Amino acid sequence: ISYQSLLNATNRFSFDNLIGVGSFGSVYKGTLDQYRHAVAIKVLKLGRHGASKSFKVECEVLRNTRHRNLVQLLTACSSIDNQGHDFKALVYEFLGNGNLDVWLHPTPRTNDALEKPRKLSFLQRLNIAIDVASALDYLHYHCETPIVHCDLKPSNVLLDDEMVGHVSDFGLARFHHDIIQDSSTNQLSSIGIRGTIGYTPPEYGMGNEVSIYGDVYSYGILLLEMFTRKRPTDNMFHDNLSLRDFVKETLLEQIIDIIDPAVLGERQKGERRMNDTCNGNRNGSFKIHECLILILGIGVACSTEILRERKNISAVVVELLSIRQNFLGTNIHTTQTEFK
Ligand SMILES: *[C@@H]1O[C@H](CO)[C@@H](O)[C@H](O)[C@H]1NC(C)=O
Ligand SMILES: *[C@@H]1O[C@H](CO)[C@@H](O)[C@H](O)[C@H]1NC(C)=O
Ligand SMILES: *[C@@H]1O[C@H](CO)[C@@H](O)[C@H](O)[C@H]1NC(C)=O
Ligand SMILES: *[C@@H]1O[C@H](CO)[C@@H](O)[C@H](O)[C@H]1NC(C)=O
Ligand SMILES: *[C@@H]1O[C@H](CO)[C@@H](O)[C@H](O)[C@H]1NC(C)=O
């Protein structure tokens with residue numbers, strides 16, 4: 001698409017059309033004649049180191065993928081602007097409900113702008129968690145070459161009008177040719193992979209190879225954040241207490257205190273626990289706690305520092321679907337329950 005069309009589509013990249021600013025560029029909302037719905041236009045900051053590469057990678061990834069839980073790339077622009085400078089932009093479908101980060105951590109200002117409180121129910125959170133896991137499952141196991149996202153975090157999960165989650169921002173993604181077989185000898189560099197503090201797995205900081213299990217770590221943190229509403233970078237966390245430790249040691253114990261010990265007695269017995277803990281004639285909030293234990297347990301298992309002990313994302317999808325099914329199975333009337 002031409003620079004002129006984008007200029008026109010965004011009212012000359014006006015401030016009023018600006019909807020976000022990321023590390024590699026600014027995102028504008030716009031309308032283009034050829035698309036029925038509004039579009040989001042990410043204009044790359046080409047001066048920024050890595051921006052040009054991120055443009056290429058993102059085009060490459062999104063050209064080769066198609067999934068309901070990934071943002072859809074509509075077109076791209078690689079041209080020069082009116083001053084004769086290089087200009088690159090990516091055009092996506094516009095998703096009406098912003099990003100997950102804003103929903104998890106609303107500020108008075110963002111609430112005002114929407115004029116409706118941003119609160120996610122337990123079920124909405126679970127649905128979005130499943131959406132994100134499904135997107136990763138697709139990227140890791142169902143593409144021609146496995147794709148590692150490398151920068152999964154709430155602000156990179158966009159929500160459409162139906163609150164379906166779409167993973168976005170593939171600027172740091174890597175096509176992965178030989179998955180983790182021996183990450184100790186084969187030190188394909190993760191140098192340059194910065195990701196985002198709090199979500200990047202510890203092995204990337206030690207120069208280890210980028211792998212799909214790195215995404216699983218980020219996913220685990222995201223899941224814990226979604227259900228605790230605590231950022232991994234919250235002030236309360238430090239060297240000796242991470243978000244994961246907090247959930248593992250503090251929160252899970254407290255929840256365990258309030259649920260039926262008989263339920264917990266079954267927890268070692270593998271498969272059966274799903275039915276035992278999520279079924280039954282229990283009422284809404286009580287049942288949410290039971291499901292929460294399972295969900296947080298998944299988050300904890302995904303975010304272990306030891307790469308080989310992490311779950312694979314396919315298994316996560318299966319477990320989350322099962323939790324949802326059990327939750328819905330006996331609890332239709334409580335599905336709107338506010339969950340804080
Ligand atoms: C500019 O945008 C308007 C609507 O936003 C559209 O009607 C018009 O056709 C566009 N012009 C060009 C040259 O693309
Ligand atoms: C962290 O733990 C170590 C040993 O367990 C201790 O020496 C250190 O003081 C602790 N630091 C903080 C900030 O709690
Ligand atoms: C849960 O219970 C149903 C029937 O009660 C059974 O068909 C299903 O296999 C059980 N699921 C698990 C994970 O044990
Ligand atoms: C609902 O759950 C609470 C515990 O949260 C329990 O005390 C109460 O008896 C339950 N009510 C029914 C009808 O099961
Ligand atoms: C994922 O883990 C599950 C359970 O451990 C296992 O059955 C499955 O084969 C694994 N899938 C992949 C693609 O590694």
Side-chain angles (χ1 to χ4, degrees), residues 61 64-70 126-152 157 165 167 170 173-188 190 193 195 199-204 208-224 226-227 244 247-248 252 264 266-279 290-327:
V61 168
N64 288 293
T65 54
R66 195 165 182 91
H67 188 275
R68 72 184 285 268
N69 299 120
L70 297 181
L126 180 53
N127 285 340
I128 295 166
I130 291 170
D131 292 337
V132 176
S134 303
L136 288 183
D137 178 45
Y138 169 80
L139 293 169
H140 291 175
Y141 298 111
H142 302 283
C143 291
E144 207 169 305
T145 305
I147 294 167
V148 187
H149 184 285
C150 293
D151 197 18
L152 188 68
V157 175
V167 172
F170 288 80
R174 294 283 178 95
F175 286 90
H176 209 270
H177 296 276
D178 37 6
I179 310 173
I180 79 157
Q181 296 314 18
D182 51 18
S183 52
S184 50
T185 54
N186 182 9
Q187 291 215 342
L188 227 169
S190 58
I193 292 291
Y199 304 91
T200 306
E203 68 269 15
Y204 289 3
N208 280 332
E209 188 182 351
V210 164
S211 80
I212 55 176
Y213 287 95
D215 279 354
V216 171
Y217 177 92
S218 309
Y219 179 80
I221 299 295
L222 179 135
L223 195 59
L224 297 179
M226 282 185 75
F227 287 90
R244 180 174 184 270
V247 170
K248 198 171 166 221
L252 280 182
L264 295 173
E266 294 293 326
R267 292 188 76 227
Q268 299 313 316
K269 295 186 184 162
E271 287 290 75
R272 273 197 65 205
R273 75 180 183 188
M274 207 72 93
N275 275 355
D276 291 341
T277 53
C278 260
N279 262 338
E290 297 175 345
C291 294
L292 197 49
I293 288 186
L294 298 176
I295 295 169
L296 293 177
I298 294 171
V300 166
C302 288
S303 57
T304 168
E305 299 206 344
I306 304 155
L307 179 145
R308 277 160 216 283
E309 288 181 3
R310 291 177 202 151
K311 286 175 180 293
N312 66 57
I313 203 73
S314 304
V316 170
V317 172
V318 170
E319 288 180 32
L320 290 176
L321 286 174
S322 165
I323 291 170
R324 181 170 68 184
Q325 198 178 6
N326 281 296
F327 177 73

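Both counts, for ligands and for their atoms, begin at 1 and track the order of listing. Worth saying up front: this structure is predicted, and the values here are computed from it rather than measured. Starting from 1, each residue takes its place in the sequence as its number.
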Nearest to atom 2 (O) of ligand 5 by heavy atom, I313, V317, N312: which?
-> N312
Nearest protein heavy atom under 4.0 Å from atom 14 (O) of ligand 5, yes or no = yes
CD of E319 to CZ of R324: how many Å apart, nearest 0.5 Å?
-> 14.5 Å
Is there a protein heavy atom less than 4.0 Å away from atom 7 (O) of ligand 5?
-> no
A student checking ligand 5 against Y141 at a 4.0 Å heavy-atom cut-off should list atoms 13 (C)
Smallest heavy-atom separation, Y219 atom then C302 atom, equals CD2-SG, 4.5 Å
Pick out which of V61, D131, L139 makes a side chain to side chain contact (heavy atoms under 4.5 Å, CB included) with L70.
-> L139
Run the numbers for me: atoms of ligand 5, each under 4.0 Å from some heavy atom of A315, listed by number.
-> 2 (O)
Do you know which two heavy atoms are closest between R244 and L224, and how far apart they sit?
-> CA-CD1, 3.9 Å
Just by distance, do the side chain of D137 and the backbone of A133 share a donor-acceptor pair under 3.5 Å?
-> no
